[in-house]
Each structure stands twice: as C-alpha cells, then as structure tokens.
Amino acid sequence: MARIDLVDLAHAYGGNDADPDSFALKPISMTWRQGGAYALLGPSGCGKTTLLNLISGIVAPSRGKILFDGADITPLSTQRRNIAQVFQFPVIYDTMTVGQNLAFPLKNRGVPRAEIDARVTEIAKLLDLTPYLNRKATRLTADAKQKISLGRGLVRADVAAVLFDEPLTVIDPALKWELRSKLKALHRALDLTMIYVTHDQTEALTFADTVVVMHDGRVVQSGTPQELFDKPAHTFVGYFIGSPGMNIVPAVVGGREARIDGHTIALQRAYDHLPAGAKIEVGVRPEFVHVAAPAPGLLSANIERIDDLGRVRFARVRIGDVKFAARVPQGFTIPGNEAGLVFDPSRVHIYADSRLVEGTV
Ligand code: ATP
C-alpha cells in the first residue's frame, strides 16, 4: 500500500485544456494517507470516475503529477502502478471456479502456491464465499459474482491501493447494508489503502474514515463524516450531506448578527470583514433550528408540512420565498400554520460565495 499525492492534477477530455473552468477535473493537490479508507462522494458527472481513472492510470492527465510514496508514477501503465480496481459490474471468469477466480490475480504474478491458497482462504472467509470456492462462477447470482469481484480486488496484499467504482450498484438493496459493513471490516483486517467512489452518502459515510466530496470537477471538502456534518466548508457539502440537507438562506451579515427576511438572529462569532460584493448566506442544519410558537424576536415562518421520520419530526416551512427545514421538539404541538424559529447560534455558519467564512471569537 502507498501514500498517494496528487500534485496540481487536472484533466480535460478531448485534449481541450485551454480553460481550466471547463475541465472534468479542475486542478487539485491533495494527499491520500497510506492505509486510509476514503470515499469519493458527489453527484453524477462531478468527476469522481475521472479522478479514480487518473489514479489507476486508465486515463492520462492533461496536467500535473501523481506520486506513490513520493515516486512520480504519472507515466506508468495501470499494470505497473500495482493498483487493484473493482468496477460497478462483476469482472470475473465464468468458466473458472470461485476459488480460481480469487486466485487469478496472484497466480498471474507468480505468487507461490502455498501463499495463494492461504490468501484465497482468508479472503473467501471474510466475504462468506468459503462454501462456494469449488463452484463454477457462472451459476452464481449477480450479488455473489460481485462479491468475487470484490475478493479479486482485495486478494493481493502488495497493491499500492484498491479502487472501488460504485461497487454495490448491482447488489440487492437488502444485502447492501451487510456488504458495506463488511468492506469496512475488510479494510481493518487487510490494512490496505482504499478509495471508494459513490454518489450515495450512506455508502460513503459508513465505509470511509475520510470522505472527499466533489462538486463540478473540484474537491470541495475532505474530512470525517462528523466534520462534514458539523462544519461544511462549502454550501454544496451542507446541502448534499444530511437528510434533510442544510438550510442555506440569503442574509445580510455584520458583526455578530445576521438579518434574514427582516429578522435578526444572533451569531456566536463576529463577521466584520466579509468580501465585498460576495453572495452572503447563512447555513444551518435542520437539527439545530427548532420550531416554536410565534413570538416577538423569533424569525417567523409559514409551516407547509411536517415530515415524521419516526425518531424525529421536521417541519417544512417557508421564510418569505425561501424553503426551510426545522426540527419539531418532542411533544410540541404546532398551534397553526405560523411558527417562530429558534436557532442554536453555535451551529449557524456564514458562507461567502458558497465558501465557509470563519468568524472571529
Ligand atoms: P457518474 O457517477 O455519472 O459516473 P462521475 O462523477 O464519475 O459521474 P465522470 O464520469 O468523471 O463523473 O465525468 C465527469 C465529466 O467528464 C462529465 O461531464 C462527463 O460527461 C465527462 N466525461 C467522462 N468521461 C468522458 C469521456 N470519455 N469523454 C468525454 N467526456 C467525458
């Protein structure tokens, strides 16, 4: 396994590298820790697969360098990069048995027989494939075939990294949860650097220690699931992670106050130097605002509906033209269509042109 450094890496398909704003991957520099479990999370088309394919060598970058443990591997072929990759759909040999499929990447590299047997036994056990080892792969379900693909990706102990591109797409929804947890356990057991591409936040948050969020060809934040929840560095992270996502509302901000729709809410930090001309917004997660009976001094909102999620209820409200979600405290009965909103000032963030601004204490 290896530490992976991306140095000013960027990619434009079709050789059009004139305007970096049009790149599928905008210039990026970052480090992937040796042995880390990463998820690369973002919506369709944001550049996740492009980044993965640049790391594996399937795509050659328009600009920049990739280093494995400090060595520049940018000109090397996929084969020479020593990477294992698992794709959306199973890549296995139907005519071989499950055991032969798992052994293939090791046999191919001339690993001694005893070592192959030990590793295949270990991986089959971790993936619950032991009872199938002597069966022909052709008769197995799509789920089982994808498990074999995962096993083939994980069987080599000497790879620089294992890259997964939406590997649970074909997996039955009921099994997804189990396999997600299993992959996490596999990461712990095998101590490999893993990068897992997905557009599904639950998959990303359950698998990864570090989630790298992409938007429009850029990495907008990299952090633990808790960091992404507590302090989104970009409004996109606030909106994309969480269910419901973060409320993002236009505001006029100065000092320790934000004015939203003519009402003032208190802020924990002071914001005296916001960039001139920037779009200023307040971001607050629905968990940290609650509805109350309308009262002077509270931001007033129109209740449109209540979503009862079992353990928690969220009110969907409107502030002027802006839609907003707020927690309904336990046992609270909403008196009518009007409500007041109560904010937790320590959880209210300020964004300038979509980027988090750190206030002063
Ligand atoms: P998805 O989850 O849908 O696969 P993604 O986040 O992995 O999306 P990419 O597949 O990396 O995104 O695509 C990023 C951008 O590059 C998109 O605008 C896509 O249309 C474009 N793109 C991807 N592959 C090619 C290609 N081979 N040729 C030209 N454009 C491409």
Side-chain angles (χ1 to χ4, degrees), residues 4-30 32 36-66 73-74 77-78 81 83-91 142 146 149-150 153 161-171 173 176 179-180 183 193-208 210-223 225 228 232-243 245 354:
I4 301 172
D5 292 299
L6 310 181
V7 185
D8 213 14
L9 190 73
H11 189 67
Y13 287 101
N16 165 27
D17 70 350
D19 172 16
D21 270 348
S22 68
F23 281 21
L25 182 74
K26 274 94 177 171
I28 168 186
S29 294
M30 66 179 289
W32 311 74
Y38 290 91
L40 198 49
L41 173 69
S44 183
C46 71
K48 305 180 295 293
T49 301
T50 302
L51 179 50
L52 207 69
N53 289 343
L54 288 168
I55 294 174
S56 68
I58 292 175
V59 173
S62 307
R63 291 189 191 176
K65 285 193 290 191
I66 303 170
I73 55 84
T74 326
S77 66
T78 303
R81 287 184 191 199
I83 286 272
Q85 197 157 357
V86 180
F87 300 93
Q88 273 190 339
F89 300 101
V91 180
Q146 188 62 347
S149 276
L150 290 169
V162 188
L163 312 181
F164 302 93
D165 195 350
E166 309 251 8
L168 303 186
T169 308
V170 295
I171 302 290
K176 269 191 185 174
L179 262 184
R180 270 202 311 263
L183 272 176
T193 307
M194 296 190 185
I195 305 178
Y196 184 113
V197 161
T198 178
H199 62 268
D200 179 330
Q201 59 163 308
T202 316
E203 263 177 41
L205 301 177
T206 32
F207 170 73
T210 304
V211 180
V212 178
V213 185
M214 288 192 74
H215 172 53
D216 194 19
R218 288 181 210 281
V219 168
V220 284
Q221 188 169 7
S222 173
L228 301 182
H234 191 282
T235 50
F236 177 78
V237 178
Y239 150 83
F240 196 66
I241 290 185
S243 182
S354 304

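Remember, it's 1-based here, ligands and their atoms both numbered in the order they're listed. Scope of the values below: all heavy atoms of this structure, side chains included, with no hydrogens, waters or symmetry mates.
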Check ligand 1 against [X] and write out every atom of the ligand that is under 4.0 Å from a heavy-atom position of the residue.
X     : answer
Lys48 : 2 (O), 5 (P), 6 (O), 7 (O), 8 (O), 11 (O), 12 (O)
Ala24 : 15 (C), 16 (O)
Pro43 : 6 (O)

_Nearest non-hydrogen contact with atom 12 (O) of ligand 1 belongs to which option: Gly47, Gly217, Ala12?_
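Result: the heavy atom closest to atom 12 (O) of ligand 1 is in Gly47.
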
So which atom in [X] and which in [Y] form the shortest heavy-atom distance, rounded to 0.1 Å?
X      : Y      : result
Gln85  : Leu52  : NE2-CD2, 3.8 Å
Leu54  : Ala60  : CD2-C, 3.9 Å
Ala142 : Val170 : O-CG2, 4.4 Å

Quick test: of every protein heavy atom, which one is nearest to [atom], and how far off is it to 0.1 Å?
atom                    : value
atom 3 (O) of ligand 1  : Ser44 OG, 2.5 Å
atom 26 (C) of ligand 1 : Tyr13 CD2, 3.4 Å
atom 9 (P) of ligand 1  : Thr50 OG1, 3.7 Å
atom 4 (O) of ligand 1  : Thr49 OG1, 3.6 Å

*Is the shortest distance from a heavy atom of Cys46 to ligand 1 less than 4.0 Å?*
yes

*Side chains of Ser29 and Asp8: donor-acceptor distance under 3.5 Å anywhere?*
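Their side chains do not contain a donor-acceptor pair, so the 3.5 Å distance test is not met.
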
*Ser222-Tyr38 side chain donor-acceptor pair, cut-off 3.5 Å*: no

*Within the structure, does at least one protein heavy atom fall under 4.0 Å of atom 24 (N) of ligand 1?*
yes

*Within 4.0 Å of atom 14 (C) of ligand 1 (strictly less), any protein heavy atom?*
yes

*Geometric class of the His215/Phe236 ring pair [parallel <30°, tilted 30-60°, perpendicular >60°]*: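 Rings of Phe236 and His215: parallel, as their planes differ by under 30°.
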
_Within-cut-off N or O pair, Gly45 and ligand 1, under 3.5 Å_ = yes

*More than 12 heavy atoms from other groups under 6.0 Å of NZ on Lys65*: no

*asked:* Between the side chains of Asp200 and Lys176, is the shortest nitrogen-to-carboxylate-oxygen separation below 4.0 Å, so that they form an ion pair?
replied: no

